[in-house]
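What follows is a short report on a single structure.
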Amino acid sequence: MTSVTAFAPATVSNVGCGFDVLGFALESPGDEVEARFAPAGVVIEDITGDGGRLPREAARNTASVAVLALLTKLGERRGVALRIRKGLPLSSGLGGSAASAAAAVVAVDALIGARSSIDTLIACALEGERLGAGSAHADNIAPSICGGFVLVRRPSPPDVLRLPVPMGLTAVVVHPDLEIETAGARALLGDTVPLADAVRQWANMGALVDGLHRGDFALIGRALEDTIAEPRRAALIPGLALIKRAAVGAGALGCSISGSGPSLFALCAGAGVASRVADAMVESVRAAIGGDPQVYVSSLEARGARVVSTCAS
Ligand code: HSE
């Protein structure tokens, strides 16, 4: 029986000033989903790498909910069985639920041979994210599917812009030994923001996009400021100000929370400085939080979700 396995990468969303609209993909880690036809509906056969914590029930899992949306969209009557291999830590701020949903729709689309558009894959994966995070924001789904650095002008129907990445721009991501549920972190934000904070945020957003287009690293650094989500979530990450100072002190252009945290990201002008920033961030995370943080260094030109193996038997 034919099976298709797809990989989808971790993502850094928000990117400082782009709450719910900016995100970029990492080269690794990521989640893998294997799909094959089954008699009817969507079933989850197995999940590994989650310590038994994710729902196996299809109606409650982001990957199967995304696949159900794709089967419905395509009018596909055959069922699908999924095996999910979590490479991403849970509740880490690295887009774990999005990566599972993205890998699942890419695997199933290839299994069916549907060749759906990127917008269709994003729209279906977003249904999984809606379940996982309690909100249909696409700033993890879109970069996980498209790769690279993206701006979500509108999640539904998707209007996703791919942003250029200046040569050498490198991300450092440190995942402290903590977990933060996205829904809870979103509840901290409330429904309104002071006008002065909004003005500063959209000025930074424009500046960051312009900095990416012109390869202006200094401008990118000045624009990496979040006046909306980070101040309201700072208390969730002990030592956040210290860790940010350590990153910038070691040469980062800027540093902020990855998605809803607890992971932190820094952008750097080249791999050499990124390595020094990684060391400084890990040391300050150990001092502030303890534990054994995981660190990832990645180009910002990482590829998006893709089929990694097909097995015909
Ligand atoms: N933009 C989202 C947030 C990303 O910050 O809540 C987390 O899924």
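Order of listing sets the numbers, starting from 1, for every ligand and every atom in it.
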Ligand 1 atoms in contact with Phe19 (distance to a heavy atom under 4.0 Å): 3 (C), 5 (O), 6 (O)

Of all the atoms in ligand 1, which lie at a distance below 4.0 Å from a heavy atom belonging to Ser13? 4 (C)

Give me the atom names and distance for the closest heavy-atom approach of Ser156 to Leu126. CB-CD2, 4.5 Å

Proximal ligand 1 atoms for Asn14, defined as those under 4.0 Å from one of its heavy atoms: 1 (N), 2 (C), 3 (C), 5 (O)

Backbone N or O of Gly261 within a donor-acceptor pair of the Ser258 side chain at under 3.5 Å? no

Is Glu230 near ligand 1, meaning one of its heavy atoms is under 4.0 Å from it? no

Does atom CZ of Arg306 have more than 12 heavy-atom neighbours from other groups under 6.0 Å away? yes

Sequence neighbours left out, cut at 3.5 Å: what donor-acceptor pairs do the side chains of residues 99-110 make with other protein atoms?
unit_1 : atom_1 : unit_2 : atom_2 : d
Ser100 : OG     : Asp31  : OD2    : 2.7
Ser100 : OG     : Lys86  : NZ     : 3.0
Asp109 : OD1    : Ser116 : N      : 3.2
Asp109 : OD1    : Ser116 : OG     : 2.6
Asp109 : OD2    : Arg115 : N      : 3.3
Asp109 : OD2    : Ser116 : N      : 3.1

Quick one: which ligand 1 atoms are inside 4.0 Å of a heavy atom on Asp20? 1 (N), 2 (C), 3 (C)

Ligand 1 to Arg233, heavy atom cutoff 4.0 Å, flagged ligand atoms 3 (C), 5 (O), 6 (O)

Flag if over 12 foreign heavy atoms under 6.0 Å of CD, Glu283: no

Steps toward side-chain contact (heavy atoms from CB on, under 4.5 Å) verdict (Asp210, Asp216): CA-CA 8 Å; Asp210 185 54; Asp216 184 337; over 6 Å; no

Qualifying residues under side chain to side chain contact (heavy atoms under 4.5 Å, CB included), relative to Asp279, sequence neighbours excluded: none

Please write down residue, atom name and distance for the protein heavy atom closest to atom 8 (O) of ligand 1. His137 NE2, 2.8 Å

For atom 6 (O) of ligand 1, what is the nearest protein heavy atom, given as residue, atom name and distance? Arg186 NH1, 2.7 Å

Which of the numbered atoms in ligand 1 are under 4.0 angstrom from any heavy atom belonging to Asn140? 4 (C), 7 (C), 8 (O)

